[in-house]
Amino acid sequence: MVNAAASRLGVRSGMTVSAAHGLTAPLRVHGRDASAERATLDRLAAWAGQFTSMVSLMPPQALLLEVEGSRRLFGGLDRLREGVRQGLAELGYHARLALAPTPLGAAWLARAGGEPCITDRDALVGALSALPLACLDLPGKARDALAAMGVQRLGECLRLPRDGLARRLGPELVRRFDRALGRHPDPRPAFVAPPVFNARLLLPAPLDNAEALLFPLRRLLLELSGFLKSRALGAQSLRFDLHHPKAATTGLALDLVAPSCDAQHLTALLRERLERVILPEPVEEVALASTALRPAAARNLDFFAPARSPREARVLLLERLQVRLGRQAIHGLEAVAEHRPERAWRYVDPGTSGGKAVFSNRPLWLLPEPVRLVMQQDRLILDGVLSLGRERERIESGWWDGQDVARDYFIARNPRGACFWIFRELTAGGGWFLHGIFS
Amino acid sequence: MSLQDLMQRADLWRGDTAPPFAASLSTGFPALDAVLPGGGWPQRALTEILLPHEGIGELRLLLPALARLSRGDRWLALVAPPHIPYAPALASAGVELSRVLLVHPRASGDGLWAVEQSLRAGSCAAVLAWPATLDSRALRRLQLAAEAGESWGVLFGHERLAVSSSPAALRLRLAPRAGGLDIHVLKRRGGWPAGPVSLEVGHALAMPASAASGDRGIYPRQPSA
């Protein structure tokens, strides 16, 4: 394989490495890593499961997607194909996408360099007939034999007598042509995705800026999203590992309120998270693992219209706030049936049922702790002299848990028109306290 | 050009006809609705409420609208409230507590961030905040976020801010009055300043007139029991 920069300098596929070095000094030669290629194909197969339940591997570099059943869901073959193409591009891959009624037909057409969209058998026969034999991935012996006969295209081959062809090249080859043309069934083993998601990405160059990491990490999130969608799952807990050359790995955890498979949402959460990361060293490799997988709401799976239910939308905001501000910064409220005012409420997780009101005449603001009021010449002072309302509410409660209170509550108003909830302590110490504000 | 021609022009803004508001929500106080464009709190926009000091009924003024919004499917977010929002009082005013979202940012820049996120998210019916200061650039961001998220942003501030300009769709200045509030409309979209409008915003425990006048000190009475 030759990249565009090397190609401009005259480096060609098939050249020896030394010849290539002769053309350009700073040439970087990467060895092919068959196991890495296979791992990549597996990961892409897991990702592609979001488009169809039937994905099949065709190593070393092809994936087969059975999309007949997905046409309607994705709004037609063109939109489906664009979805696949765009998704792959976002992951950083380039693919040639050929559509045909048979798996072999599609694979051969893609290998020939075209991207046709063929939906009927006659058109398929026509398109395949024009293919040069080099595209068919034939065994060397058969290729040589056909070349010796002067056959260059599949069409010419198909015009030869079938018996003779089978005798000379073996019956397997003729069956292969039949499968490609749809004259013989061609079942394929379905790819089975692993139960958990685990992916790593070696960065082309080390990154020392946490924000710049968002880009490679987003690729992993897109992969995760495809993996999850294909299995109608959402992830509730993600773990990122940022590997450094020497320093200990920096771990980043994202815990969600509700499982999600939405790459956009996960990326937004990650962005908030990365803003607070301090890297001890540049990062050379990133990894993402997600183990807490839960069934996701079906609505989440709609590929082209990510409409969210109101509940999902509420959860999304919670997560955004929580990732940046921390879990302890987000609360819901609950009213508790309890006489002691400071115990008549509590913080709960937002969105949980909030309880019912038992008392009226309560202020909208409560102070965390009652504040002792200043008295001057027997008058209560709070920004001026307080005047008390006539109603008195006695609250005596809590003798059973040792936190008992005995108080008389009043509503008081100062000369500036502010209204307060104050009480007189009836137990030992006595005194007057401010407990709430009628704002 | 005749006056008739002028009146036909689409780009001419006419002061006597307030532009129709896409959405407004009754305040629950007919006298106040009557002076607000669209007949209520402007939704998808910022409302600024300026006051001399807290405790004069500034939250009670919002309660009827908040209670109504809380029965919808979006949050009522309170960002950095100055005290504990008291659940029993909210519940007895009809606020559905399971829709209340409290956000307590600790770092200084996080407050504005949280308000903007909440407004913009689309999942908050209302966002209440008590910013110490806000420059007009920040206010404009929040106004845009409120429009984008179709949310009602309410900012409480000190009345001394009344002199600075603001992109908020509605600005009110509140003044306490015996048994209620005087509301001055400093700015409303599509209308001139107005007011004051006097409202009762009782908490169901009407202060006795004599005590409410505040002109005489009351000795703390001895409990009768």
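Chain letters run A, B, ... following the sequence lines, proteins first, then strands; residues in each count from 1. These numbers were taken from a predicted model, which means no experiment stands behind them. All values below come from the heavy atoms of this structure, side chains included, with hydrogens, waters and symmetry mates left out.
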Looking at the rings of A:Trp345 and A:Trp365, which for Trp means the six-membered one, are their centres under 6.0 Å apart? no
Ring-ring centroid check A:Phe410 A:Trp421, cutoff 6.0 Å: no
[X] versus chain B, heavy atoms under 4.5 Å apart: side chain, backbone, both or neither?
X        : result
A:Leu366 : both
A:Gln328 : side chain
A:Tyr347 : side chain

Does anything in residues 154-162 of chain B reach chain A? List residues with heavy atoms under 4.5 Å apart, or say none.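 Result: none.
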Using a heavy-atom distance cut-off of less than 4.5 Å, which residues of residues 65-78 of chain B contact chain A?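 If one takes a 4.5 Å heavy-atom cut-off, the residues of residues 65-78 of chain B near chain A are B:Asp73, B:Arg74, B:Trp75.
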Find out whether the Lys NZ or Arg CZ of A:Arg407 is both under 6.0 angstrom from the six-membered ring centre of A:Phe423 and within 45° of the ring's axis. yes
Taking only distance into account, with no hydrogens and no angle test, what donor-acceptor pairs under 3.5 Å do side-chain atoms of residues 173-182 of chain B form with protein atoms, sequence neighbours excluded?
{"unit_1": "B:Arg177", "atom_1": "NE", "unit_2": "B:Asp182", "atom_2": "OD1", "d": "3.1"}
{"unit_1": "B:Arg177", "atom_1": "NH2", "unit_2": "B:Leu199", "atom_2": "O", "d": "3.3"}
{"unit_1": "B:Asp182", "atom_1": "OD1", "unit_2": "B:Ser198", "atom_2": "OG", "d": "2.5"}

How about A:Leu386 and A:Arg413: do any of their side-chain heavy atoms sit closer than 4.5 Å?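 A side-chain contact is absent here, since even the closest heavy-atom pair is not under 4.5 Å.
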Going by an N to O cut-off under 4.0 Å, is there a salt bridge joining B:Glu147 and B:Arg44? no
Taking A:Glu393 first and then A:Arg362, would you say they form a salt bridge - that is, a charged N and a carboxylate O separated by under 4.0 Å?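 Salt bridge flag = yes for A:Arg362 with A:Glu393.
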A:Asn414 side chain to A:Gly417 backbone, donor-acceptor under 3.5 Å: yes
For the residue pair A:Leu325 and A:Ile330, what are the closest heavy atoms and their distance? CD1-CD1, 4.4 Å
For chain B, the option from [options] that forms the most heavy-atom pairs under 4.5 Å:
options                                : value
A:Arg346, A:His331, A:Arg314, A:Arg320 : A:Arg314
A:Leu333, A:Thr352, A:Asp383           : A:Leu333
A:Gly332, A:Gly351, A:Gly436, A:Gly384 : A:Gly351

B:Ala114 versus chain A, heavy atoms under 4.5 Å apart: side chain, backbone, both or neither?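 Both backbone and side chain.
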If you look only at pairs with a residue in residues 26-48 of chain B, which of them pass as a ring-ring contact (aromatic ring centres under 6.0 Å, His included), with sequence neighbours excluded? B:Trp41-B:Trp152
Got more than 12 heavy atoms from elsewhere within 6.0 Å of CZ, A:Arg276?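 For A:Arg276, atom CZ is crowded (more than 12 foreign heavy atoms under 6.0 Å).
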Can you see whether A:His339 engages A:Glu396 through a side-chain donor-acceptor pair at a distance of less than 3.5 angstrom? no
Taking it one step at a time, do B:Glu54 and A:Ser439 satisfy side chain to side chain donor-acceptor pair (under 3.5 Å)? CA-CA 6 Å; B:Glu54 65 182 352; A:Ser439 61; over 6 Å; no
B:Ser118, B:Ala107, B:Pro81: which one forms the most heavy-atom pairs within less than 4.5 Å of chain A? B:Ser118
